[in-house]
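All remarks here apply to the structure that follows.
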Amino acid sequence: MAKRAAEEALDVSSGSPASKKARIQDMADKDLPPPPPAPAEEVRVATNGHENGHHSMVEEVDDDDDDDDEKDEDETRPAKRARNAGPDARYSDLYLDTISRKNMDFDFEKLCSVTLSNINVYACLVCGKYFAGRGAKTPAYFHALEVGHHVYVNMETKKVYVLPESYEVQSQSLDDIKFVVDPTFSAEEVKSLDRRKEPSWDLLGRKYTPGFVGLNNIKANDYFNVVVQALAHIPPLRNFFMREDLSTAPQLPQRLSTLIRKLWNPQAFKNHVSPHELLQEISLRSNKKFTLTSQGDPVDFLSWFLNNLHLTLGGHKTKPHSSLIQKIFQGTLRLESQPITASGTSASGQMRFDDNTSSIKTQTTPYTILTLDLPPAPLFQDDTEKNIIPQIPLTTILQKYNGTTTQEKLDKRLRYRLLHPLPPYLIMHIKRFQANKFLAQAQRNPTIVTFNPRALDLSPFVQPDPSHHPGGEPIIYELVANITYEGVKVRDDSVEGEAEKRVWKVQVREGGVGDGMGTGKGKGSGGEGRQWWEMQDLFVRRVEEELLGTRESFVMVWERRKGAAVKGKGKV
């Protein structure tokens with residue numbers, strides 16, 4: 001392109017060239033460079049001022065006095081752009097396409113994978129790892145720079161940020177992730193849990209039923225899994241931990257609440273839950289008595305767990321019914337004890353024992369778990385020289401609490417009798433293991449306990465009290481959960497009880513008492529709609545109600561039926 005000729009001759013006699021501002025002002029508007037983009041706040045203020053009939057910020061700058069060159073030069077410099085709370089609206093969804101929901105697992109303890117800190121923990125939504133902080137020189141900040149993963153969620157506030165820019169993302173597409181981190185339920189949703197029949201699907205397209213999902217066995221925590229599954233299906237306990245605000249409570253009830261809500265989550269990313277977070281708190285609180293690396297006894301753990309939940313929820317050590325745990329499970333019984341003393345010898349030389357009733361001492365004691373003793377298993381085979389599995393009805397071993405059956409323990413005779421009011425939920429422990437000094441493990445009693453899961457009458461074992469229950473009417477309980485034991489021999493040539501692997505399973509009922517399913521067996525009673533599930537760690541399957549009594553029951557949870565049964569209709 002040819003150069004344009006100058007319109008005027010160059011004035012060589014001029015002293016100094018024109019100032020920078022003068023040269024810029026003499027130029028045509030079309031030759032000026034475009035002005036720098038103004039910050040969002042200044043543009044908004046200028047627009048509002050123009051609409052309201054006032055001078056804009058640009059007009060005020062043009063009207064200033066231009067005498068001071070130093071001030072003019074400062075005004076012509078581009079203003080320093082203020083740090084925005086977020087990016088331009090067009091780029092607010094940047095990096096969201098890198099999120100991988102299949103890599104997310106929020107079940108583990110919230111600890112930084114670099115510093116092991118549990119303060120201000122963020123989860124990377126690309127790889128699923130935990131990092132502490134989001135400011136400069138934090139593990140999450142360096143992870144975003146080095147690896148290129150930019151989207152993180154705060155595990156406490158559930159806010160999503162983009163690093164290293166550190167601005168919050170407001171997008172409804174992330175609501176499912178926030179719900180999985182900490183599921184929340186309304187009062188109506190909690191009430192309809194037992195009536196919900198629609199299945200759900202995870203990210204891999206696998207169907208599952210909320211509430212009836214497997215718990216991961218990290219190494220040897222199957223004893224813990226069966227207890228938590230049983231407690232998660234007790235309606236008043238479940239509803240409390242799903243709706244109550246426990247943000248100021250200790251970590252034990254907080255983590256149990258989170259685990260129960262994840263078990264009943266209808267929008268889960270996977271069809272199982274890992275109890276790692278709660279197990280770490282239990283291991284710390286129990287001084288490593290219950291860990292995920294060594295197998296424990298479900299009854300020992302259940303007793304410890306309920307007692308600690310009672311204390312962490314504000315319960316008193318001596319005052320009865322001072323917490324929700326005791327209101328649900330605690331009852332009272334009468335204990336009569338009589339010392340065994342010898343009064344001399346008879347004419348035949350046999351020792352005579354004193355039966356003086358004045359030495360009987362009576363006391364009332366609370367209980368949370370009723371222990372039932374099994375009769376000794378037979379040592380020999382039957383007539384056909386085949387091994388038999390002994391059976392005994394549940395009502396037979398309950399005779400221990402009829403107030404007349406005596407038991408000898410050390411130097412005392414003991415008699416037990418249940419008292420009113422009975423708890424809404426009754427926990428029974430069938431004592432199967434006895435210590436044996438000749439075997440490394442406790443000796444197991446394989447006796448099968450038979451029962452009717454729909455009707456257990458406890459009125460023969462309770463002291464009559466017309467103020468609590470009319471005399472002569474039954475007190476019916478229905479089975480809610482049944483923890484069973486199965487022994488698997490490690491070697492075929494091992495002795496009974498030696499080198500035997502313990503396998504724990506739990507059977508839970510779908511729906512609660514009075515849910516419209518009925519208690520009869522006919523089609524008109526609605527009993528055919530009742531479903532039972534058997535869960536062993538990650539394995540979940542349906543089980544027939546008639547097969548519940550064929551297992552070696554270890555712990556049973558019974559729910560008291562409300563009201564009196566109507567004859568001939570099979571419903572409450």
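In this chain, residues are counted from 1 in sequence order. Just so it is clear, the model here is predicted, and its values are computed rather than measured.
To the nearest 0.5 Å, the span separating CD1 on I260 from CG on L231 amounts to 7.0 Å. How far CE of M535 is from NE2 of H233: 4.5 Å, rounded to the nearest 0.5 Å. One distance of note links NZ of K219 with CG of L292; it measures 8.5 Å at 0.5 Å rounding.
Using a 30° and 60° split on the angle between ring planes, F290 and W304 fall in the tilted class, from 30° to 60°.
Between Y95 and H149, the distance separating the two ring centers is not shorter than 6.0 angstrom. For Y223 and W504, the distance between ring centers is not under 6.0 angstrom. With ring centers used as reference points, Y130 lies 6.0 Å or more from F108.
In this structure, R134 is positioned above the aromatic face of Y161, its NZ or CZ under 6.0 Å from the six-membered ring centre and within 45° of the axis. W264 carries R238 over the face of its six-membered ring, with the cationic atom under 6.0 Å from the centre and within 45° of the normal.
By the 4.5 Å heavy-atom criterion applied to side chains, R101 and N103 are not counted as neighbours.
Between E552 and R444 there is a salt bridge, with a side-chain nitrogen of the basic residue lying less than 4.0 Å from a carboxylate oxygen of the acidic one. The existence of a salt bridge linking D222 and K505 is excluded, since no basic side-chain nitrogen approaches an acidic carboxylate oxygen closer than 4.0 Å.
In this structure, the side chain of K262 engages the main chain of F106 through a donor-acceptor pair within 3.5 Å.
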